[in-house]
Amino acid sequence: LCCYKAVVSQFAPKQWLHITDHAYLAMVRQAFGLGLFEDSLKYFLTLLNSFTMSAKRVIVQVDREATYVKEFLYVVQNWTEKCCPPGEGNKAIDLQLPCIGQKFDVSLPGDLG
């Protein structure tokens, strides 16, 4: 974990997106395995929030993105259970969603066209 933390900042400015993603995902998994749920969540938010970069949106494979989301939900579930005692109030997670376009419509089943 310390090795990845030491080098990840070297890759980000060079736009080596795949390597940076790999480093952050490794940090997520290692921090989680060590029981560092706050750190694991922080690294995951850095990874997922990087998807808001327009250059990056086109290179992330769908199956990889689905894996990220599943693992993120698992990390959040464990973080909530272990780091957020009941009655302490809700904690916010700063997850940014990428912009799809200037304008889009969402249709749900049963909507009239």
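Bear in mind that the values here come from a model prediction, so they are computed numbers and not experimental data.
- Met27 has its side chain out of reach of His22: every pair of non-hydrogen atoms, C-beta onward, lies at least 4.5 Å apart.
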Q: Starting from the C-alpha separation in whole Å, work towards a yes-or-no answer on side chain to side chain contact (heavy atoms under 4.5 Å, CB included) for Ser50 and Asp21.
A: CA-CA 9 Å; Ser50 71; Asp21 288 355; 4.1 Å; yes
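- Phe44 CZ to Leu73 CG: the interatomic distance, rounded to the nearest 0.5 Å, is 8.5 Å.
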In residues 29-43, what donor-acceptor pairs under 3.5 Å come from side-chain atoms, sequence neighbours left out?
{"from": "Arg29", "atom 1": "NE", "to": "Glu71", "atom 2": "OE1", "distance (Å)": "3.0"}
{"from": "Arg29", "atom 1": "NH2", "to": "Glu71", "atom 2": "OE2", "distance (Å)": "2.5"}
{"from": "Gln30", "atom 1": "OE1", "to": "Leu1", "atom 2": "N", "distance (Å)": "2.7"}
{"from": "Glu38", "atom 1": "OE2", "to": "Trp79", "atom 2": "NE1", "distance (Å)": "3.1"}
{"from": "Ser40", "atom 1": "OG", "to": "Val28", "atom 2": "O", "distance (Å)": "3.0"}

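- Atom OH of Tyr68 is separated from atom CG of Leu47 by 5.0 Å, given to the nearest 0.5 angstrom.
- Here CG of Leu25 is found 9.5 Å from OH of Tyr4. Values are rounded to the nearest 0.5 Å.
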